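Note on naming: letters A, B, ... go to the chains in the order of the sequence lines (proteins, then strands), and numbering restarts at 1 for each one. Note that the coordinates shown come from a computational prediction; the quantities given were computed from them, not determined experimentally.
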Protein chains: 2
Amino acid sequence: MVSIKDVADQAQVAVGTVSNVLNNPDRVAEKTRERVLSVISELGFVRNDAARQLRAGMSRTIGLIVLDVSNPFFSSLARAAEDRAAESDSTVLLGDSGHDGERESRYLDVFEQQRVKGVLISPVGNVDERLKQLRAHGVPVVLVDRVDPQRRVSSVSVDDVAGGYMAVKHMLTRGRRRIAFVGASTDIQQVADRLAGAQQAVAEYPDAELEVVEAAAMTVLAGRAAGELLAERGLEALPDGIFCANDLVAIGVMQAVLLIRGLRIPEDLALIGYDDIDFAQSAVVPLSTVRRPTELMGRTAIELLLEAIDRPTSESRQVIFQPELVSRGSTL
Amino acid sequence: MVSIKDVADQAQVAVGTVSNVLNNPDRVAEKTRERVLSVISELGFVRNDAARQLRAGMSRTIGLIVLDVSNPFFSSLARAAEDRAAESDSTVLLGDSGHDGERESRYLDVFEQQRVKGVLISPVGNVDERLKQLRAHGVPVVLVDRVDPQRRVSSVSVDDVAGGYMAVKHMLTRGRRRIAFVGASTDIQQVADRLAGAQQAVAEYPDAELEVVEAAAMTVLAGRAAGELLAERGLEALPDGIFCANDLVAIGVMQAVLLIRGLRIPEDLALIGYDDIDFAQSAVVPLSTVRRPTELMGRTAIELLLEAIDRPTSESRQVIFQPELVSRGSTL
DNA sequence: TCGTGCCAATGAATCGATTCAAATTCGATT
DNA sequence: AATCGAATTTGAATCGATTCATTGGCACGA
């Protein structure tokens, strides 16, 4: 394996000069620099990152742990984070915990051993313990899609209450008054927030009413089951606008309503989801939905982390983004 | 930051002993080992991976570059690869090229600098050049979902011809005889292979015929457009079995056939897709499909790589997996 | 000619874990 | 008590890039 010493010998300069060519090119005379560079490509020299970071005491990598890479929200966020990190000459190590605390823990161990500059994490469960350990070891952390109740670390998240509000308000302004909310248990913070926003919007219209339908899970199948229950009612007992806690549930409801009861969307029933997954726009009736600014969240998370790295004493910041309404055929 | 030296001082032993506690515990007397371990946890010592790998000359990490992490095929494969690697005390660095050659290249650079043990890659385009460079630097490579025509490196892939064959054979054994294949351009190797398999199956039945319908892309919308074209025909001109080159296209066709023409699946028309994405089983009519053994592929890729690392002179191996038919409601 | 600055280049010291030959301790045996 | 062999422990050398105090060379002005 070619080392900086081999390059130095071959180019007849000292190792310090080669290092300067790589890190402080303007301190080296042009002729020397060119000679060194040509030797580097001739020998196919590649910097040894381990040696570099051993000396530097810190790596140029940032750890990112997401709950599920196959979820477009996270993969898009991760991609944006990587791009932003690359601009600051850092690399993102992507870890997928798959909602599994053990895998999460394994990644945190690896990240610590690699002496990452900092960690972005969308934590599985209760992370107080791990956060404490990371902080004790001086590893800056930024939470993603979750806030730290104690405000010890910075975070980026989305205002789901506002998201729920804008979804339902959207239907209300289109004249719908009998609104239903379909979602899983409100034990899940995100579901509870979206419902709270829906309630806020309905409260602004004295003649509007909100009905809550609980689905077994946040899946297409659970949504379809909930949709079938609704569709069994007579037309007069049916809501005229349904807000689902995510797009999967909404697609399930759509299947039930369209096919089993033969109702029309949006004529008989308006429908809106949450997340803007790929399928939303290619559903039978293109699905209106609420989109979270994933790219912006990814970039911002990196920026908060870089800030925490550069100024470890600075106060933590909780950045909360506003979601965006995407209006499609299902709520025309 | 706590180093092995601090631990040694505090535990009143030499640094070599601490190292042995970590790497060769049975060479250390029990009493000493316990004392050292308690100091380690007391001081919160964490191994510095950079120093370790500098000395070792090689890291314990494996680089994995996929075309798109949000594609369940790749995320599932990546997860399996990570688990298999963990069993061999290695860590996977996951990179998402997003079909972008530049990002791919950036990851390969980082991986080289980090002196990864090896690289698994599902390459974007022509990788001959990069493969050559990696091989020149002695970095073992295994291709994923792609074979090297020159058989220089090992690979794991799927027999798409067999997949196409079993999909169409499945419909033929259920009495369907007028088969249609819907897919994008056969410039894409996978599409061409699946079609070839379909033709093989049809050739076995003298009274069966195969029609090829080209879709604009491998998406739901393109599938729907193709489905609408088919559905416009009279019932007697319609195929009675459709094989789509992937599930997205199949779902598009299903939407067109069910809703626009009001046909019944599978009574009027059997339908089968490819990939077994999550949506396949929660489609309106659960979609039959062909599944690739992603977990097995991920594990095997790591094993091939470990083999190439351990025995650099060993011959390359092209492992081709057989896909599996998943029969659901759409082909009953 | 000598001194003063400045620009380039030098190379030893350093980071932290691992390795291994050498030293030390321990126990059993004579 | 002396000896031998095995079990432990020691600590200097090593990996490769970076840093920085120091040296070398050169030009210009006095």
*Not counting sequence neighbours, which residues clear salt bridge (Lys or Arg N to Asp or Glu O under 4.0 Å) with E104(B)? List them please.*
none
*To the nearest 10°, let me know how far the axis at one end of the helix from dT1(C)-dA30(D) to dT30(C)-dA1(D) is tilted from the axis at the other, five pairs an end.*
60°
*Taking only residues two or more places apart in sequence or in another chain, which ones pass side chain to side chain donor-acceptor pair (under 3.5 Å) with R33(A)?*
none
_Without decimals, in angstroms, what is the distance between R52(B) CZ and dT19(C) P?_
9 Å
*If you look at every strand shown and take non-hydrogen atoms under 4.0 Å, does N23(B) touch a base, only sugar-phosphate, or nothing?*
sugar-phosphate
*If you look at every strand shown and take non-hydrogen atoms under 4.0 Å, does S3(A) touch a base, only sugar-phosphate, or nothing?*
sugar-phosphate
*Which is true for V18(B) with a 4.0 Å heavy-atom rule: it touches a base, it touches only sugar-phosphate, or it touches nothing?*
nothing
*Respond yes when some side-chain nitrogen or oxygen of T32(A) is under 4.0 Å from OP1 or OP2 of dA9(C), and no when none is.*
yes
*salt bridge (Lys or Arg N to Asp or Glu O under 4.0 Å) partners of residues 67-76 of chain B, not counting sequence neighbours, each pair once*: R79(A)-D68(B)
_Using the side-chain heavy atoms of N48(A), tell me which of these nucleotides is nearest: dA17(C), dT9(D), dA17(D)._
dA17(D)
*For Q189(A) and D160(A), does a side-chain donor sit closer than 3.5 Å to a side-chain acceptor?*
no
*Using side chain to side chain donor-acceptor pair (under 3.5 Å) as the criterion, list what pairs up with R103(B), not counting sequence neighbours.*
E82(A), D83(A)
*asked:* Less than 4.0 angstrom from a charged side-chain N to a carboxylate O is my criterion; do D9(B) and K5(B) meet it?
replied: yes
*Let me have a per-nucleotide readout for nucleotides 10-15 of chain D, 5' to 3', with B, S or -, counting only protein heavy atoms under 4.0 Å.*
BBB-BB
